[in-house]
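To start, the structure under review is shown below, and the notes come after it.
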Amino acid sequence: MHEMALTESIVEIAVEEARKQGARKVTRVFLDIGALSCVEPEALEFCFSAVASGTAAEGARLEIERVAGAGWCLDCERSVPLAERFGACPRCGRYRVRMTAGDELRIREMEID
Amino acid sequence: MCSVCGCGEATIALDKDKAGAHAHGPHDHAHDHDHPHDHNHPHDHDHPHDHGHDHDHRHHEDGAIDYDRGIGGAHVPGLGQERIVRIERDILSKNDAYARDNRRFLAERGVFALNFVSSPGSGKTCLLVKAIEALKERMAVTVIEGDQQTSNDAERIRATGASAVQINTGKGCHLDAHMVGHALETLAPPPGSALFIENVGNLVCPAAFDLGEAHKVVVLSVTEGEDKPLKYPDMFAAADLLLLNKSDLLPHLDFDVGACLANALRVNPRLQTLIVSAKTGDGLAAFVAWIEASAARRAADMARA
């Protein structure tokens with residue numbers, strides 16, 4: 001979904017931070033992208049080079065960390081892995097699971113020069 | 001970036017002065033969601049720490065850190081002159097800051113905003129036209145229309161006498177809070193009115209973009225299949241009200257209303273649901289009552305806050 005808009009946001013934030021730091025350019029951007037976040041890392045990478053072109057982030061590498069999905073099952077009262085958003089608890093099969101990880105869309109840090 | 005006025009980075013920078021909402025340092029965004037990734041850097045401890053720590057570590061006023069904290073100091077081989085800056089911001093934080101501005105603007109004027117989302121062709125515009133006609137004696141309504149192209153929908157709305165601003169997103173698949181902020185300046189919704197934002201027909205992307213609305217309303221038509229809420233769960237999870245539209249067609253279809261609502265509630269147990277037909281007007285009175293009651297509740301909450 002909307003990888004283009006997300007990429008624009010990533011580049012804006014990175015360029016703004018680089019300016020604040022007085023950096024010449026951004027060389028790497030580290031992202032946390034949740035496995036359940038409906039964002040395709042390949043699509044982000046594809047968009048990134050296009051969007052970053054002509055900015056201080058041109059040529060920067062995206063380092064994407066996939067964060068595994070997890071949730072809290074209200075019936076089992078424990079943390080369980082989640083393979084899909086709003087999916088069932090793998091232990092009890094019920095759907096009373098609150099997602100606790102896996103929907104991250106975050107810029108963690110970046111490397112500047 | 002902005003498809004309303006075509007402005008790029010310059011205007012975004014200008015807007016920073018507007019409300020201070022964009023001026024926060026990199027650490028202001030809540031990190032209180034408890035996902036555990038402070039131990040999963042890919043470069044951890046896989047090499048000796050032999051590239052000395054003799055560089056000055058500058059701790060910047062805005063909280064940015066170089067070198068010795070995070071992975072910048074000890075854990076990235078061949079760091080050279082580069083340094084690592086910790087950012088920790090949601091990718092959507094820019095949008096969310098604009099959404100906060102919009103929400104504040106709307107609250108100050110007592111405007112009750114709904115963000116209507118659905119797939120294309122679910123009957124959103126028709127539903128809005130009917131709701132405006134039913135409401136207009138009691139409540140002023142203004143409309144922001146989002147489409148990739150044409151101003152057809154805004155024209156249909158204006159025919160009811162309500163003011164409408166059309167946003168053409170061009171290549172964009174959703175409205176964002178920045179576009180809506182500009183549209184609000186043009187539209188100047190009167191105090192105590194309702195604002196309907198009709199998002200681009202798309203069941204995926206608009207779920208992630210807060211526009212500053214009070215509620216998202218998802219419209220689903222009975223010609224679309226009962227399992228839409230399972231296929232596109234994010235939208236149904238983000239919404240507070242589901243309008244199941246085109247109920248007049250039910251006698252001609254094998255659509256299972258109960259199964260559809262059960263699917264929607266599985267994704268979002270707090271979702272409220274109404275079955276309506278914009279064509280015949282069935283269920284519209286309940287929808288209009290929901291709008292008035294929700295607007296009154298919102299106004300009361302604001303007065304208390």
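None of these values were measured; they are calculated from a predicted model. A, B, ... follow the sequence lines: proteins, then strands. Residue 1 opens every chain.
To the nearest 0.5 angstrom, A/Arg85 atom CZ is 14.0 Å from B/Leu230 atom CG. Here the CD atom belonging to A/Glu3 is positioned 7.5 Å from the SG atom belonging to B/Cys205, to the nearest 0.5 angstrom. In this structure, A/Phe86 CZ and B/Asp234 CG are separated by 5.5 Å, a value rounded to the nearest 0.5 Å.
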Between A/Arg106 and B/Glu88, does a side chain to side chain contact (heavy atoms under 4.5 Å, CB included) hold up when you go through it step by step? CA-CA 7 Å; A/Arg106 248 148 39 92; B/Glu88 298 287 355; 2.5 Å; yes
Between A/Arg108 and B/Arg89, is a side chain to side chain contact (heavy atoms under 4.5 Å, CB included) present by the stated rule, with each step listed? CA-CA 7 Å; A/Arg108 190 170 68 236; B/Arg89 279 175 71 176; over 6 Å; no
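For the pair B/Lys94 and A/Glu16, the minimum side-chain heavy-atom distance is below 4.5 Å. When side chains are defined from C-beta on, A/Met110 does not count as touching B/Ile84, because their heavy atoms never get closer than 4.5 Å. Using a 4.5 Å cut-off on side-chain heavy atoms (C-beta onward), A/Leu6 and B/Leu92 make contact.
Between the side chain of A/Ser9 and the main chain of B/Ile91, a donor-acceptor pair closer than 3.5 Å is present.
Between B/Arg83 and A/Gln21 the shortest heavy-atom distance is NH2-O, 2.9 Å.
Using a 4.5 Å cut-off between heavy atoms, B/Asn268 makes no contact with chain A at all.
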